[in-house]
Number of protein chains: 2
Amino acid sequence: MTGDELDDEIAALLQRADQRYTKGRRALVAALRAAGQPVTILQILDAADGLAQSSVYRNLAALEEAGVVTRVITNDEFARYELAERLTEHHHHLICSMCGDVFDFSLGARTEASLDKALHRVADDAGFTVEAHRLDLVGTCPRCD
Amino acid sequence: MTGDELDDEIAALLQRADQRYTKGRRALVAALRAAGQPVTILQILDAADGLAQSSVYRNLAALEEAGVVTRVITNDEFARYELAERLTEHHHHLICSMCGDVFDFSLGARTEASLDKALHRVADDAGFTVEAHRLDLVGTCPRCD
DNA sequence: CTGACATTGATAGCCATTCTCATTTAGGAG
DNA sequence: CTCCTAAATGAGAATGGCTATCAATGTCAG
């Protein structure tokens, strides 16, 4: 997806949620795009300066509500954010249990498909309506090893 | 694993970590065993009363350190705990995004094995040392649907 | 029994996140 | 362009799950 297509898609998502695509929100999206991996609020504040902490928190919540970004759950105490899969592509996370850093990875289409089938079977049995699945690898990254 | 075997195993794990298997810790383990699903601190305090909040937090940390329990990461703001997989069996979680409840499920051995193989391949490529993998299904439980 | 030390429980403190509110900004109507 | 209304912003206060503190208690060894 090119930058313009991405922007159009985001604008549409925000409009649907009655939200404006403001300067601050554009800066957030740019920071997430530049990072290329899930980042903490602190990292965002350091990278894209001129943003107020309270606005970053508020706007990330608005963007999440609109389906533009996703909050990534990890082991440490800091929330991380990345662009939603609808704007990128389905992927999973490598989480370093030492430093907390998070990296993306994908499985082959075949593995992903068979996993998805198995998961839907499980969900049906349990009466669950599936929204998403989350697959994380927890370990030690090369830098911390 | 019978109750006694479980207790022996836990005692061994604690001993290895220079920790005692005290009354309060036994009560915690009993509560987790009775629950049969990951539970919050609040649920533990409600179920097994007579436990001090501070001791529950401290003891869950000690038990986690010793490898007896596992902290389960979910979407909501409450930490959940369950007996470690070494004391039960490998499984995954169904997470309800409405009420936050968490349920266990397992995949067939074949699916699990091929997933594990794919994950190790990914980890090797990235230079990661794998500790564990985490597979969660996020959706809506029958009660909230 | 006694000393050394781990554990407990009440409470104070911490800190990521959320809330508040006065101010600024943006879009629509005339 | 000028109002007007409502959303967005930013600085700081407040929230709340969790952690640290510390005096009192329990426990094992000798």
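The chains referred to below are lettered A, B, ... by the order of the sequence lines, with proteins before strands, and numbering in each begins at 1. The shown structure was predicted, so the numbers you read here are calculated from the model rather than taken from an experiment.
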Expressed as a whole number of angstroms, how long is the span from [X]:[atom1] to [N]:[atom2]?
{"X": "B:Leu14", "N": "C:dA6", "atom1": "CG", "atom2": "P", "answer": "15 Å"}
{"X": "B:Glu77", "N": "C:dT18", "atom1": "CD", "atom2": "C1'", "answer": "11 Å"}
{"X": "B:Leu45", "N": "C:dA10", "atom1": "CG", "atom2": "P", "answer": "12 Å"}
{"X": "B:Ile44", "N": "D:dC18", "atom1": "CD1", "atom2": "C1'", "answer": "14 Å"}
{"X": "A:Leu60", "N": "C:dA16", "atom1": "CG", "atom2": "P", "answer": "16 Å"}
{"X": "A:Leu42", "N": "C:dC15", "atom1": "CG", "atom2": "C1'", "answer": "13 Å"}
{"X": "B:Leu63", "N": "C:dA6", "atom1": "CG", "atom2": "C1'", "answer": "15 Å"}
{"X": "A:Phe78", "N": "D:dC18", "atom1": "CZ", "atom2": "C1'", "answer": "14 Å"}

Rounded to the nearest 0.5 Å, what separates atom [atom1] in [X] from atom [atom2] in [Y]?
{"X": "B:Asp136", "Y": "B:Ile73", "atom1": "CG", "atom2": "CD1", "value": "9.5 Å"}
{"X": "A:Gln37", "Y": "A:His93", "atom1": "CD", "atom2": "NE2", "value": "9.5 Å"}
{"X": "A:Leu87", "Y": "A:Glu85", "atom1": "CG", "atom2": "CD", "value": "10.5 Å"}
{"X": "A:Leu135", "Y": "A:Phe105", "atom1": "CG", "atom2": "CZ", "value": "5.0 Å"}
{"X": "A:Gln53", "Y": "A:Ile44", "atom1": "CD", "atom2": "CD1", "value": "11.0 Å"}

Exercise. B:Ala61 near the nucleic acid: base, sugar-phosphate alone, or nothing, with a heavy-atom cut-off under 4.0 Å?
Worked result: nothing
Exercise. Looking for any heavy atom pair under 4.0 Å, which part of the strands does A:Ala62 touch: base, sugar-phosphate only, or nothing?
Worked result: nothing
For this session: Compute the bend angle of the helix from C:dC1-D:dG30 to C:dG30-D:dC1 from the end axes (five pairs per end), rounded to 10°.
Result: 30°
For this session: May I ask you to evaluate whether B:Tyr57 reaches the phosphate of D:dT19, defined as a side-chain N or O under 4.0 Å from OP1 or OP2?
Result: no
Exercise. Does a sphere of radius 6.0 Å around CD in B:Glu64 hold more than 12 heavy atoms from other residues, nucleotides or ligands, not counting ones at 6.0 Å or beyond?
Worked result: yes
For this session: At under 4.0 Å between heavy atoms, which parts of nucleotides 6-14 of chain D does protein reach? Answer with one letter per nucleotide, 5' to 3': B base, S sugar-phosphate only, - none.
Result: -SSBBBB--
Exercise. Could you walk me through whether B:Ser97 and A:Glu131 pass the side chain to side chain donor-acceptor pair (under 3.5 Å) check?
Worked result: CA-CA 9 Å; B:Ser97 59; A:Glu131 284 165 17; 2.8 Å; yes
Problem set entry | A:Leu119-B:Leu119 co-clustered via ILVMFWY side chain contacts under 4.5 Å | yes
Exercise. Less than 6.0 Å separating the ring centroids of B:His133 and B:His92?
Worked result: yes
